Chemist: 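First the structure, which I've put down as structure tokens, then a few questions once you've had a look.
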Amino acid sequence: MQCRMCGFEFDPMEGGSCGSCGQCKGCNKAICPRCGYGNSLAYEKEFDYISKLQKKIKSIRSMI
């Protein structure tokens, strides 16, 4: 995963997770070990889906 704040690549399982911020319970965030930003794991799944969809649309348009 790449941190959206600083761009650092890290494994979300190795870094801190929800509960380390002390503000909530079960927010499903991966904490960047470099800057401490709470990256949402749900956002990453949505972003991957949108990226795949964009590639598919581009490939269909190139066929036309």
Side-chain angles (χ1 to χ4, degrees):
M1 157 177 253
Q2 184 176 13
C3 178
R4 287 185 303 283
M5 180 67 76
C6 69
F8 182 68
E9 288 281 338
F10 69 99
D11 182 5
M13 298 303 171
E14 290 179 7
S17 61
C18 183
S20 60
C21 66
Q23 297 179 9
C24 60
K25 292 185 179 181
C27 68
N28 198 22
K29 289 186 178 182
I31 308 301
C32 176
R34 180 186 280 172
C35 70
Y37 181 74
N39 296 277
S40 172
L41 296 174
Y43 178 81
E44 290 300 316
K45 290 178 185 177
E46 291 172 8
F47 185 76
D48 287 341
Y49 173 76
I50 291 169
S51 296
K52 289 177 185 177
L53 187 59
Q54 286 175 333
K55 288 178 186 177
K56 189 172 184 176
I57 290 170
K58 285 181 183 179
S59 69
I60 291 170
R61 283 186 178 171
S62 67
M63 289 188 212
I64 298 175

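Since the model is a prediction, treat every value here as computed from it, not as a measurement.
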Chemist: Hey, any chance Tyr37 and Met1 share a hydrophobic cluster, counting ILVMFWY side chains that come within less than 4.5 Å of each other, even indirectly?
Modeler: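 Shared cluster, no.
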Chemist: With rounding to the nearest 0.5 Å, note down the distance linking CD in Glu9 to SG in Cys32.
Modeler: 10.0 Å
Chemist: Return the set of residues passing side chain to side chain donor-acceptor pair (under 3.5 Å) with Arg34 (not counting sequence neighbours), or none when no residue passes.
Modeler: none
Chemist: Does the side chain of Phe8 reach to within under 4.5 Å of the side chain of Cys35, using non-hydrogen atoms?
Modeler: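 In short, these two side chains do not touch, never coming nearer than 4.5 Å.
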Chemist: Where is the tightest heavy-atom contact between Ile31 and Gly38, given as atom of each residue plus distance?
Modeler: CD1-CA, 3.7 Å
